[in-house]
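Remember, it's 1-based here, ligands and their atoms both numbered in the order they're listed.
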Amino acid sequence: MTAYRSQFDRSIEDPVGFWSDQADLVEWSVPPDRVLDDSRPPFYRWFEGGRLNTCHNALDRHVAGGRGDVTALIHDSPVTGAKLEISYADLLDRVEQFAGALRAQGVRRGDRVVVYLPMIPEVVVAMLACARIGAIHSVVFGGFAAQELAMRVDDMRPAVLVTASCGIEPGRVVEYKPIVDAALDLASYPPDTVIVVQRPQAEATLVAGRDVLWEEAVEAGRGADVSCVEVEATDPLYVLYTSGTTGKPKGIVRDNGGHAVAMAWSMRHVYGMSPGDVWWAASDVGWVVGHSYIVYGPLIAGLTTVLYEGKPVGTPDAGAFFRVVAEHRVNALFTAPTALRAIRRADPESVLVREHDLSSLRTLFQAGERLDPGTFEWAGEVLGVPVVDNWWQTETGWPIVANLRGLEPMPLKSGSPSVPVPGFDVQVLDPGGRPVASGQEGAICVRLPLPPGTLTTLWGDDDRYVASYLSEHPGYYMSGDSGYRDEDGYVFVMGRTDDVINVAGHRLSTGAMEAVIARHPDVAECAVVGAADDLKGQLPRGFVVLKSGVDRPHGEIVDELVQKVRDEIGAVAAFRVVDVVDALPKTRSGKILRRSMRDIVDGKAVAVPPTIEDASVLERIRADFAPAPTPSRPITEEGTA
Ligand code: COA
Ligand code: AMP
C-alpha cells in the first residue's frame, strides 16, 4: 500500500488515532484530553481540553529551540523599494512590543481586533500579537471599500482597528485612512481605538481621542505583560470574512488548536517544506491563502516566508516574480493562475524569466481558481518544475484536494488538483445526496466531520453555518463547487454552483454587487453574472432593468452604477460592464435565470428550462449579447491564414 493510501485510509477510518498522532507537531501547554468531540453533530470540536498559544508555536518555540537567528520573514516591496529580512528573534521582539500596545489599549483575551493593512511587516506582527494575547483578529483585504469594512466591523465589534496611511497599487497610492474614517462613520459598533502605521507615501490625518500612531501605541505598551496567553484549542484564533450568495459576507471562524496542527501537517505533507526552506505565497494577507500560507503555516513550520508587496506585472515588469525567486533563493512559490496568465501575456516569449537564476525553485503551487491547461503547460515548460494545483476554500483553511508533495508525490494530471487530502472524505453527490459514479459531475461534498483546522462555525451565527453548508446533504459539508472524480480517484473541480464568482483569484459575490446596484434609484431589477475572461478567469457583468419613466441617458446611469460598485464594494470587484435590458429572463416562480445568461455571454449552448416564464426574454438577451461566432479562417498551404 502506498504512503498516501495508508495515511488517507487511516485518517478516514480512525480520525481520532490519526489526528492524535499529528497533534505532536505543535507544542501544547496542556495536551488535549479528547481529540474529537462529536457529541453535538453537526458541530465538531478538535483537541478539546488542549491548551496552547498559536504565536508561541509560530515564534517562541523556534527561538527557544536555538533558531532565533534564522530569517522568519522577508519583506520585498518593489512598490516602495523596501527589502527587509527579519529573524525569528526579531519578529518575536516586534510581536511582543505590539502585544504590549494592544494590552495598553485594554485588549484582552477574546476581544476582537480588525486589521486593515497592506502587505507590510506590521500586518504579520499585528496578527501574531493578537494570537499572543488571545485576541481574535479579523483581517480585511485592502481592496475593499468603506461599506464592506463597516459591515465587518459591525459583525466583529472590535476593541481596536489597526490600519496604515496607505497601500500602494501600481501607479497609485490608495489612502486607507479616509476609507477607515468613512467605514467607522457608517458602523454602529466602531472601536474606541484606531492604531495607524504612518507610511511616507501618504500622511494620515488622525482623529483626536481615537487614533494613535503605531510607535506611540508601542511606547504606551512598554512594561505590559506580553507573555503568551494560554487559550483553549477550541477558542477562535481569527475570523475571516468571505463572499457568500447574499450581500452579507460570512465570518469564517478558525480555532487555535486544530488550525495549528493542520498548518504544521500541511506545510510538511502537502507542500513538502522543511525548516529552513524559503517559501513564498504570492497572495495577500487579506485572503485565506495569506492567513494560512504567508503567516501561520510557514512560521509554525519554521520556514522563511516571503511577504511581497507588489504585483506579478507592472512592479516593474513581468520578471518581478522571478527576480524575487532568484534573489531570495525561494524553494517553492504559491500563486494564483491569473498571476501566471498576466506574466505570460506581458512577456509571451518568456524573455524576462530567462534573465533570472531559478535553480532554487523546486515546485510551483497553484490555487485560488481553476488551473487552466494552457497555463499549467506553459508554466511547466518555462519554469521546468512541477506545477502543482491544490483546491480548497476560505472555509477549509487548507487543501481539500492536492498532490501531496511531502507524503507521496503522484503523477500530475492537467485539469485536476489530484486527490483528496487525508482527513477530507470527499464525495461527489447527485441532487438527491447519492454518490455518483466516477466521471459523472455532481456537488463536491466532504463527509463530516471535517478535519482539524476547518471552519467551526460562522461568527455569531450557528444557524447560518448549518443552513449554508450542512443542510443540503445532511452528514456532509457542501463545498459549493461542482466536479467529478475519474477512475484513478483524481478530482476535477468545474466551478461554483452558487452565485460566488472568482475574479483574478479573488472570491466575490454577485449577490453583493446586485444589492448595491438595486439601491440605485433608477433601477427596477438587476442581475450580475460571472462572465469568462481570458486573464482574470471571470469578470462580473451586470444587466439592469430601469424603472418605468426613467428617461436619462443609459450611459450616465451605467457610469453611476460602475462607480457605485467601486465605492461600496471596492476596486477589487473589477465591475465595469453593465447593460440596460427591457426584462430579465425568469422562471415562473420569479427566479432570475442567471446561469442561462452567463452561458449566453460565454457563448455556450443554453438549455432553456421548462419552467421559464417567457422564453422570448431569453431569446432577446441571446440576440443582443451572445458573442459573434469566430469567423472560420481560410486554409492556406501553411495552415490557417
Ligand atoms: N488595495 C487597494 N486596491 C487594490 C488592492 C489592494 N490591496 N488590490 C487590488 N486593488 C485594486 C487594483 O488597484 C485595481 O484597481 P483599478 O480598477 O483602479 O485598476 C482593482 O483593485 C483590481 O485589482 P486586481 O485584481 O489586482 O487587477 P489588476 O488588473 O490590477 O491586476 C493581476 C491583474 C492579474 C495582475 C492581479 O489580479 C493579480 O495579481 N492577481 C493574482 C491575485 C492573487 O494572488 N490572488 C490570491 C489568490 S491565491
Ligand atoms: P476562496 O475561499 O477565496 O479560497 O475561494 C474558494 C473557491 O475558489 C473555491 O470554492 C473554488 O470555486 C475556487 N478554487 C480555489 N482553488 C481552486 C482550484 N485549485 N481549482 C479550481 N477552483 C478553485
Side-chain angles (χ1 to χ4, degrees), residues 79 116-119 140-145 164 166-176 179 240-244 250 252 281-294 308-315 318 320-321 334-346 365-372 376 388-403 415-418 444 455 478-483 491-498 500-508 530 533 535-539 562 566 569-576:
V79 292
Y116 187 67
L117 281 170
M119 293 287 281
V140 180
F141 177 62
F144 283 123
C166 65
I168 298 152
E169 287 294 290
R172 103 191 139 101
V173 170
V174 182
E175 290 202 38
Y176 277 24
I179 300 174
L240 177 59
Y241 287 84
T242 190
S243 301
K250 294 168 167 170
I252 303 300
S283 177
D284 189 286
V285 277
W287 307 115
V288 71
V289 174
H291 281 63
S292 294
Y293 297 117
I294 295 176
Y308 174 72
E309 188 183 18
K311 299 270 172 172
V313 292
T315 59
F321 270 25
F334 182 131
T335 184
T338 306
L340 297 183
R341 289 194 295 269
I343 292 171
R344 184 182 183 184
R345 182 180 279 193
F365 291 103
Q366 291 279 282
E369 56 175 322
R370 197 178 102 81
L371 172 57
D372 56 285
F376 172 73
V388 181
D389 190 5
N390 50 120
W391 170 67
W392 49 294
Q393 316 175 299
T394 309
E395 287 84 347
T396 63
W398 60 291
I400 312 169
V401 173
N403 197 291
S416 169
S418 297
I444 311 181
L455 79 170
M478 193 177 67
S479 70
D481 280 296
S482 72
V491 178
F492 290 73
V493 182
M494 306 309 287
R496 299 285 306 191
T497 54
D498 54 15
V500 166
I501 59 171
N502 199 311
V503 179
H506 305 137
R507 175 167 160 182
L508 298 166
D533 181 72
L535 176 65
K536 297 195 175 187
Q538 284 184 305
L539 276 177
V562 167
R566 192 178 171 92
I569 294 183
V572 68
F575 181 77
R576 293 207 170 85

For ligand 2, which atoms have a heavy atom of [X] less than 4.0 angstrom away?
X      : answer
Asp389 : 18 (C), 19 (N)
Thr394 : 1 (P), 2 (O), 3 (O), 4 (O)
Asn502 : 8 (O), 13 (C)

Point to revise | ligand 1 versus Glu369: contacting region, heavy-atom distance under 4.0 Å | key: neither

May I ask you to test the [X]-[Y] pair for a side-chain heavy-atom distance under 4.5 Å?
X      : Y      : value
Arg507 : Arg496 : yes
Tyr241 : Val140 : no
Pro417 : Val493 : yes
Ile294 : Val289 : no
Thr335 : Tyr308 : no
Asn403 : Asp389 : no
Asp481 : Gln393 : yes
Pro118 : Tyr176 : yes

In the protein, which heavy atom is nearest to [atom], and how far is it?
atom                    : value
atom 2 (C) of ligand 1  : Gly142 O, 3.5 Å
atom 37 (O) of ligand 1 : Ala504 CB, 3.3 Å
atom 48 (S) of ligand 1 : Val289 CG2, 3.5 Å
atom 16 (N) of ligand 2 : Gly368 N, 3.1 Å
atom 20 (C) of ligand 1 : Ala571 O, 3.3 Å
atom 25 (O) of ligand 1 : His506 CE1, 3.2 Å
atom 12 (C) of ligand 1 : Glu169 OE1, 3.0 Å
atom 46 (C) of ligand 1 : Ser283 OG, 3.3 Å
atom 8 (N) of ligand 1  : Phe141 CZ, 3.4 Å

Review point. Is there at least one protein heavy-atom neighbour under 4.0 Å from atom 32 (C) of ligand 1?
Key: no

Under 4.0 Å, heavy atoms only, figure out whether ligand 2 is touched by the backbone of [X], its side chain, both or neither.
X      : value
His506 : neither
Gln393 : both
Trp392 : backbone

[X] N/O under 3.5 Å from ligand 1 N/O:
X      : result
Arg172 : yes
Lys311 : yes
Lys536 : yes

Measure the spacing between [atom1] of [X] and [atom2] of [Y] and express it to the nearest 0.5 Å.
X      : Y      : atom1 : atom2 : answer
His291 : Thr394 : NE2   : OG1   : 9.5 Å
Thr338 : His506 : OG1   : NE2   : 8.0 Å
Trp287 : Thr242 : CH2   : OG1   : 7.5 Å
Ser482 : Phe492 : OG    : CZ    : 13.5 Å
Asp372 : Arg341 : CG    : CZ    : 5.0 Å
Ile501 : Glu369 : CD1   : CD    : 12.0 Å

Check your understanding: Minimum heavy-atom separation for Pro170 to Gly314, with atom names?
Key -> CB-O, 4.3 Å

Check your understanding: Which heavy-atom pair separates Ser479 from Ile444 by the least distance, and what is that distance?
Key -> OG-O, 2.7 Å

I need the atoms of ligand 1 closer than 4.0 Å to a non-hydrogen atom of [X], numbered in the order shown.
X      : answer
Pro312 : 35 (C), 39 (O)
Ala282 : 44 (O)
Arg566 : 16 (P), 17 (O), 18 (O)
Arg576 : 16 (P), 17 (O), 19 (O)
Tyr176 : 1 (N)

Geometric N/O contact [X] with ligand 2, under 3.5 angstrom:
X      : answer
Asp481 : yes
Arg507 : yes
Pro417 : no
Asn390 : yes

Practice item. Compute whether any side-chain donor of one residue and acceptor of the other, for Trp392 and Asn390, lie under 3.5 angstrom apart. Key: yes

Check your understanding: Gly480 near ligand 2, heavy-atom distance under 4.0 Å?
Key -> no

Check your understanding: Looking only at non-hydrogen atoms, which of Glu395, Glu369, Gln366 approaches atom 18 (C) of ligand 2 most closely?
Key -> Glu369

Point to revise | Whether Thr335 lies under 4.0 Å from ligand 1, heavy atom | key: no

